[in-house]
Trainee: 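Sharing a structure here in structure tokens format.
Indexing begins at 1, ligand by ligand and atom by atom, following the structure's order.
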Amino acid sequence: MTATTHAFQAEVTQLLKLMIHSLYSNKEIFLRELVSNASDACDKLRFEGLQNPDLLTEGSDFEINLSVDKEAGTITVTDNGIGMSHTEIAEFLGTIAGSGTREYLARLTGDQQKDAQLIGQFGVGFYSAFVVAKHVTVDSLRAGEDKAVRWSSDGSGQYAIEDSDYARRGTRITLTLRDDEQEFLEPSRLQFIVKRYSDHIGIPIRLQNEEGEFEVINDSTALWQRPKNEIEDQQYKDLYQSIAHAIDEPLAWVHNRVEGKYDYTSLYFIPTQRPYDLYEREQQHGVKLFIQRVFILEDKSQLLPRYLRFVRGLVDSNDLPLNVSRELLQSNRTVDAIRSGSTKKILGLLTSIARDEPEKYQKFWDLFGAVLKEGIVEDQGNQAALAGLLRFASTHNDSLDETTSLSDYVGRMKSAQKEIYYMIADSKTAASTSPHIEGLRKRGYEVLLLGDRIDEWLVTHLSSFEDHPLRSVAHGDLDLDDEAGDKESQQQLDEQYRDLLARIQSLLAERVEEVRLSSRLVDSPSCVVAQEGAPSGFLKSMLEQAGQAMPEVKPVLEINPSHPLIVRMNIEKDKELFRDYASLVFEQAILAEGGQLKDPAAFVQRMNQVILAVSS
Ligand code: ADP
Ligand code: MG
């Protein structure tokens, strides 16, 4: 077959360009990625060989070999793993797998500086070879096949595929280095990089020395099997970058050995960068599962609960069978035990950071708080621990930064206060300016300000914290005045406004359940309040957007007797005008909540009428 030329998928070209920009200070990771692919290829063949021993006619001693040719300016990485067929090679090395990645790329801004930073979060993979190489050739022979294939490219948009006379099972990758990357031709440099990122790989990595002999350079004893006090921080950090294919530093880690009924080691890291696919249905990376030090698979759903999907790391089990499958993981008692033990460890780690290093915790919360909140809904068993980890914006410091914990709140509660007040709206800003919280603010009650989509679910699943019920200030009757004097003046007011309330009520009977005087309001004339137990306006509109029909539940309209508009209404003699006032008072309450009017044109007309009447 003569060579055929193919264009890279457009996204690949884009990714290549960005990668070269973003990795200039991190170039050496190309070797980590190639060695990792070589090791994956060996793992895959070992796995397939269990089912199909014919694939292993060349033996099952796996190895990865590195060599340099200073004259030719090339580095070669060879493995005797699974290899790639003609069709596979074009698919694997010409496209970007994973629709999430493609969508993400489509969202890039075009600002190279910014995008370059983002791109660092990708599992950079094979294409990182082009960060140092001006030309890459891949020869590969798929295990069990007899025709090898050659793939080659200069990374600028096209690649060629042709037959190859490569005769050994597996893959050989030859990089022709760019002129200014010749430093990587030093075997000692390669050895250093392998030690740093790939030491733990359980397959011998051999480097050809100046005399032409191959020497094993990796330890291949797993770092995580050593006692904690023998492991340096830098080693943990390097291992994190290596197993998570990351370029950021971990924020924290927890390394743990369990013995007894179950026997496993776990090592989990909290990243300092938000993975680009955090909200995709499935993530590119997860937790690596080893069984007796042999890498088995990367798991994204069984070893940790979904709300911890930002955690990276590994589990090394001594109990699971070596030929474990993904299906088996789904209903396995050992896996269940690992998951629940791991979850406790990670929540424990977060709890101690929150206690001892609040600034660090804040950083964590800003990155992953919104995901952690899902745990309140998903994981009843750990709800108490999770509740302690939550952070909210609060009227206490009048900031929308999420820095207030529930125990901070409880510590500041007024002496007779029993409930934890919160206001939820479709943004924290809307919550903070909502009429509903005016009265509480004035009386010195703290209100938590919620505005995330997940918050509605959070508050329906978290009913209390340390025996203090969570209470929506937009629901039901808020009886804020507990002093006797207030009670009396309340009665007087009720008298004074009884007629007004009844008149408004009869005009708005179709739209509101009840009209009453408010103790919540200070500056606004009115607000709408959901009945106790009814969904809030925010939840309602969320469910409606999701296509769920909601039964019509009429809200309660609360009016502020000390607002000039209400005072004025109380003495309005003109019936038409009063009717307009009543509607406007209700409609503006809806608008203030971020709600939508059924007939906005009628609202505008009424408003104009009132303005004209007042100014004439
Ligand atoms: P990832 O390793 O995350 O899948 P890469 O970009 O590193 O992404 O590699 C893309 C794909 O190319 C791999 O999934 C694998 O199928 C194939 N591949 C790369 N290197 C090798 C190799 N040495 N042997 C066999 N297949 C390989
Ligand atoms: Mg890879």
Trainee: Angle between ring planes, Phe8 versus Phe130, binned at 30° and 60°: parallel, tilted or perpendicular?
Mentor: perpendicular
Trainee: Determine, for Asp163 against Arg150, whether the closest basic-nitrogen to carboxylate-oxygen distance falls under 4.0 angstrom.
Mentor: no
Trainee: To the nearest 0.5 Å, what is the distance between OG1 on Thr74 and CD1 on Ile173?
Mentor: 13.0 Å
Trainee: Under 4.0 Å, heavy atoms only, figure out whether ligand 1 is touched by the backbone of Leu93, its side chain, both or neither.
Mentor: side chain
Trainee: Once rounded to the nearest 0.5 Å, what's the spacing between atom CD1 of Ile205 and atom CG of Asp199?
Mentor: 8.0 Å
Trainee: Is there any N or O on Glu33 that sits under 3.5 Å from an N or O of ligand 1?
Mentor: no
Trainee: Measure from the side-chain N and O atoms of Thr334 to the backbone N and O of Asp319, and report whether any donor-acceptor pair falls under 3.5 Å.
Mentor: no
Trainee: Donor-acceptor check, side chain of Lys288 to backbone of Leu297, threshold 3.5 angstrom: yes or no?
Mentor: no
Trainee: Can you check which of His245, His285, Lys44, Met84 brings a heavy atom nearest to atom 26 (N) of ligand 1?
Mentor: Met84
Trainee: Near Gly125, which atoms of ligand 1 are under 4.0 Å from a heavy atom of that residue?
Mentor: 5 (P), 6 (O), 7 (O)
Trainee: Looking only at distance, does Phe126 have an N or O less than 3.5 Å from an N or O of ligand 1?
Mentor: yes
Trainee: Would Tyr127 count as being in polar contact with ligand 1, using the rule that some N or O on each side must be under 3.5 angstrom apart?
Mentor: no
Trainee: Listing by chain and number, what protein N/O/S atoms are under 2.8 Å from the Mg ion (ligand 2)?
Mentor: Asn37 OD1
Trainee: In terms of ring plane angle, is the pair Trp151 and Phe126 parallel, tilted or perpendicular, where the classes change at 30° and 60°?
Mentor: perpendicular
Trainee: Give me the one residue out of Arg293, Arg257, Arg226 that meets salt bridge (Lys or Arg N to Asp or Glu O under 4.0 Å) with Asp316.
Mentor: Arg293
Trainee: Number the atoms of ligand 1 from 1 as they appear, then name those within less than 4.0 Å of a heavy atom of Ala41, with their elements.
Mentor: 24 (N), 25 (C)
Trainee: Taking 4.0 angstrom as the limit, do Arg206 and Glu215 come out as a salt bridge?
Mentor: no
